[in-house]
Structures are given as C-alpha cells and as structure tokens.
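Reading through the structure tokens given below for one structure.
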Amino acid sequence: MDSDCSTIPSLLSSFVDTFVDFSVSGGLFLPPEPESIKNPTGSLQTFFPQPSRLIAIGDLHGDLPKAKQALRLAGLVGPDDRWSGGSATVVQVGDIFDRGGDEIKLLYFFEKLKREAAGAGGLVITMIGNHEIMNVEGDFRFAAREGFEEFENWANFQRVGNTMKKLCDGIDRNSVSDFLEGVPDQLPRMKPEFLNGARARIAALRPNGLISNRFLSKNQTVVVVGDSVFAHGGLLQNHVDYGLDLINEEVRDWILGLKKNVSNNLIRGRDSIVWLRSFSNELAQDCDCSMLEHVLETIPGVKRMIMGHTIQRNGINTVCGNRAVRIDVGMSRLCGGRFPEVLEIGENSELKVLTSNPLYYKGYEDSVEADKKGGLGLLIPEQSARQIEVNA
C-alpha cells in the first residue's frame with residue numbers, strides 16, 4: 001500500500017490525535033473548542049462576574065465516578081454525561097491528581113464539559129491544588145497503582161500515535177518528538193513495577209510536558225467569581241498583596257516551562273496557597289477569623305473564601321460567620337469514599353449544600369420534603385446554619 005499521503009498530512013495527524021485522545025480518555029470525543037473559550041495568548045482570567053447559579057466542587061483525587069455523581073447532584077450533567085447546566089458556572093478547586101486511577105480521564109472529562117458548557121452559555125473552571133503542584137515537580141508519593149497504570153497506558157498510545165504519524169511521508173518526522181526525551185531510564189526508590197508509569201508521569205506532567213501544557217496550564221491558582229474567592233488551601237494577606245493576576249500568571253508560566261521556579265510562599269509550604277489550613281480546621285475555634293476578615297476586606301466585593309484541601313468529615317460547612325466555606329468532603333474512593341456534596345450559591349448570594357447522603361433523611365424527612373417544595377432545602381445548625389438539599 002502506498003504510504004504517500006503528502007496531500008493530507010494535517011488531516012491524518014488530526015485523525016491520529018483524535019484516536020489517541022479517544023483511547024486514553026475512556027472513550028471520549030472532544031467537541032470542537034468554541035470561539036468563546038479559545039485563548040491564543042494563553043492568559044488566564046482571574047475575575048468573573050456573579051452568575052445566576054454557581055456550583056463549587058471539592059477534591060476529586062482520581063475518582064471519575066464520584067465526579068460524575070457530584071455533577072449530576074447539581075444537575076450539571078445528564079445520564080449521557082453531557083453538560084445540562086445551562087448558564088451555570090462551576091468551579092472545581094483542584095486536586096484531581098493522586099490516590100485514584102482516573103486522573104487522565106478526569107482531565108479529559110472536564111475539558112469536554114468546558115467546551116459543552118461554553119456552547120450553552122455556561123462556564124467550567126478548574127483549579128490548581130497541591131497535588132497538581134507535586135506531580136508537576138515529580139513528587140509521586142501519593143500516586144496510586146492504578147494511577148501509574150493509567151499513565152503507562154497513556155504512554156503506550158502516545159507511542160502508537162507517533163509511529164502512525166511517522167508512516168506518513170507527508171509529515172515531517174522531526175516534528176514527531178520523543179515525549180520521553182530527558183526522562184531518566186531509572187528512578188531511585190521507585191518500585192520496578194511502577195517504573196514505566198512513573199517515567200510516563202514525568203514526561204506528561206513536568207513543566208512543558210504534554211499534559212501540563214494541554215490541561216494544567218489552563219487552570220487558575222486563584223479565582224474570584226462574584227463575591228466569592230476560591231483557593232485550594234486559602235489565601236493570606238501576602239498572597240493578596242502579591243497580586244492575584246500575577247499569581248495565576250507565574251504558576252501558569254512555570255507549568256509551561258517558561259519560568260524556572262515559583263516562589264515557595266505561593267505553592268510550597270504550610271502557608272502557601274495550595275497547602276494552607278488556617279481557615280479549614282474542623283474545629284471552628286482553631287480558625288483565625290480575624291485574619292480571614294482582613295484578607296477578604298482587601299479583595300474588593302468579596303464576602304467569602306471557598307477552599308478544598310482539608311477533608312470535612314461532617315460535610316461541607318462554614319465558619320467565621322459564613323466567610324470561610326470548606327468543601328472537601330473526602331468523596332474520592334481512597335479518601336474515605338464519602339457521599340458527594342457540592343456547594344450552590346444563588347444569584348442573591350444564598351448558600352446551599354446539595355448532598356447525596358441519605359443520613360440527612362433520618363429525623364429530618366418531613367422537613368426536607370417540605371423545604372424542597374419551596375426550593376430552600378433543610379436548615380441544620382452546625383458550626384453555622386447551612387441549607388441542605390438531599391438527593392439520595
């Protein structure tokens with residue numbers, strides 16, 4: 001068979017890329033990227049207007065089924081896993097990586113939702129968490145066996161795709177680069193059975209890696225949506241003084257390999273944006289509310305800070321007079337496997353927790369049904385009153 005396809009190299013290359021995407025994403029075809037979200041300059045938007053409906057989703061840690069449950073809970077995807085949220089805005093606060101085996105599939109799934117949502121007037125924002133930072137730096141301490149296997153599978157299909165492209169005489173072989181170039185053949189202290197997966201993770205996630213460039217470079221480290229500021233761990237005054245736009249820009253440039261490093265106080269250490277726990281301790285008295293109030297006062301129009309990172313065993317809750325909202329409920333299978341919960345913020349800034357936990361029916365069933373008819377949910381006083389809508 002004549003392999004001369006010089007007249008259609010672009011078409012063939014696109015076909016191969018689609019084949020690889022389909023194979024590593026769990027069978028997804030990404031829709032065309034709408035003009036509204038194309039970003040040729042690579043700049044990241046930090047500030048967004050208040051939407052009529054805002055949904056916040058906590059840490060997912062490699063668990064695609066729980067991610068879909070959380071999205072369905074909020075009515076954002078239908079049974080066919082396609083966007084059904086209309087003009088809603090969604091913020092996922094980071095930590096898609098580690099502990100599970102659906103890390104790449106989650107990246108593709110949220111990319112698909114971003115495109116579908118944009119076509120319907122909605123918006124999906126994905127953020128950087130501490131586990132994204134760790135993986136870009138080659139720290140795989142919390143990667144699961146299934147995670148290494150998923151990346152090894154990704155590498156195998158990358159090789160197949162590259163081989164297919166090299167068979168075409170119309171494609172410059174020099175343009176088909178070795179994605180493993182520069183990755184060590186041996187990794188100290190890495191178990192032999194994980195070596196291939198670990199090398200693939202490095203190739204994919206290092207600064208300027210294939211997955212880092214394509215997916216992680218689009219993720220913000222800090223986002224302000226209406227009167228809510230989002231950060232994976234939280235923000236201190238020095239972070240705000242540094243400049244929220246500048247934070248997003250510098251982390252993005254580091255992920256793209258355009259900047260050698262990022263200041264430790266932004267992405268490393270207990271007081272960094274992705275590691276902070278000052279406002280997320282489960283004991284309300286251990287949260288520094290005066291510090292939080294001062295930080296929020298320096299971000300114009302912001303009333304509350306929404307964070308993941310620290311698992312809240314009793315579900316989504318607020319402290320400091322509803323100024324600190326903690327949304328990591330440990331829903332991932334290897335983080336406790338708890339029932340999905342998401343935070344909903346209405347157009348008038350009212351907070352509601354949507355939960356699939358059937359325990360909320362216990363002793364509250366009549367109240368839940370009565371309140372659900374009015375669309376308000378159930379008021380349960382804990383650290384702070386919170387509206388609960390149960391969808392078991």
Nearest 0.5 angstrom please: [X] [atom1] to [Y] [atom2], how far?
| X | Y | atom1 | atom2 | value |
| --- | --- | --- | --- | --- |
| Thr126 | Phe109 | OG1 | CZ | 13.0 Å |
| Ile311 | Asp59 | CD1 | CG | 7.5 Å |
| Leu296 | Ser228 | CG | OG | 9.5 Å |
| Asn281 | Gln312 | CG | CD | 8.5 Å |
| Leu30 | Leu113 | CG | CG | 10.5 Å |
| Ser332 | Arg99 | OG | CZ | 8.0 Å |

Determine the minimum heavy-atom distance between [X] and [Y], stating which atoms define it.
| X | Y | answer |
| --- | --- | --- |
| Arg323 | Lys303 | CG-O, 3.5 Å |
| Leu187 | Ala198 | CD1-CB, 3.6 Å |
| Asp81 | Lys112 | O-NZ, 2.8 Å |
| Ala56 | Ile327 | CB-CD1, 3.8 Å |
| His309 | Asn130 | ND1-OD1, 3.3 Å |
| Cys335 | His61 | SG-CD2, 3.6 Å |

Per the ring pair (Phe, Tyr, Trp, His ring centres under 6.0 Å) rule, which among Phe29, Phe15, Phe157 passes with Phe22? Phe29

Check the pair Thr221, Leu266 against side chain to side chain contact (heavy atoms under 4.5 Å, CB included), reporting the backbone distance first and the verdict last. CA-CA 9 Å; Thr221 306; Leu266 299 182; over 6 Å; no

Side-chain touch [X]/[Y], heavy atoms, less than 4.5 angstrom:
| X | Y | value |
| --- | --- | --- |
| Glu132 | Ile96 | yes |
| Asp271 | Leu276 | yes |
| Trp83 | Leu76 | yes |
| Ile133 | Trp254 | yes |
| Leu180 | Gln158 | no |
| Phe230 | Val224 | no |
| Asn135 | Phe142 | no |
| Trp154 | Phe179 | yes |

Treating [X] as the side-chain partner and [Y] as the backbone partner, does any N or O pair qualify as donor plus acceptor under 3.5 Å?
| X | Y | result |
| --- | --- | --- |
| Asp102 | Leu64 | yes |
| Asn317 | Val319 | no |
| Arg53 | Ser87 | no |
| Asp95 | His131 | yes |
| Glu341 | Ile316 | yes |
| Lys66 | Arg338 | yes |
| Glu293 | Ser290 | no |
| Arg115 | Ile37 | no |
| His232 | Val93 | yes |
| Lys218 | Glu111 | no |

Applying a strict under-4.5 Å side-chain criterion to I, L, V, M, F, W and Y, I'd like to know whether [X] and [Y] cluster together.
| X | Y | value |
| --- | --- | --- |
| Leu334 | Phe97 | no |
| Ile267 | Leu256 | no |
| Leu71 | Phe339 | no |
| Leu244 | Leu44 | no |
| Val240 | Met291 | yes |

Using a strict 4.0 Å threshold on nitrogen-to-oxygen distance, state whether Asp17 and Lys165 make a salt bridge. yes

SB check Asp98 Arg201 (cutoff 4.0 Å): yes

Can you tell me if Arg214 has over 12 outside heavy atoms packed within less than 6.0 Å of its CZ? yes

With a 6.0 Å cut-off (strictly less than), is the heavy-atom count around CD of Gln186, excluding the residue itself, greater than 12? no

Run the side chain to side chain contact (heavy atoms under 4.5 Å, CB included) test on Ile211 and Tyr108 for me, step by step, so that the C-alpha distance in whole Å, both residues' side-chain angles and the decisive distance to 0.1 Å come before the verdict. CA-CA 10 Å; Ile211 287 182; Tyr108 274 93; 6.0 Å; no

Using distance alone, with no hydrogens and no angle criterion, decide if [X] and [Y] have a side-chain donor and acceptor under 3.5 Å apart.
| X | Y | value |
| --- | --- | --- |
| Asp288 | Ser278 | no |
| Asp21 | Ser25 | no |
| Arg277 | Thr310 | yes |
| Asn156 | Arg159 | yes |

Could you walk me through whether Gln50 and Asp227 pass side chain to side chain contact (heavy atoms under 4.5 Å, CB included), step by step? CA-CA 7 Å; Gln50 180 74 36; Asp227 56 8; 3.3 Å; yes

What do you reckon, Cys287 and Cys320 SGs under 2.5 Å? no

What orientation do Phe148 and Phe194 show, parallel under 30°, tilted 30 to 60°, or perpendicular over 60°? parallel

Stepwise side chain to side chain contact (heavy atoms under 4.5 Å, CB included) test for Asn357 and Val329: CA-CA 11 Å; Asn357 190 343; Val329 297; over 6 Å; no

For Ser349 and Arg304, run side-chain hydrogen bond (donor to acceptor under 3.5 Å, both in side chains): C-alpha distance rounded to whole Å, both residues' side-chain angles, the deciding distance at 0.1 Å, then the answer. CA-CA 10 Å; Ser349 202; Arg304 67 185 69 84; 2.6 Å; yes

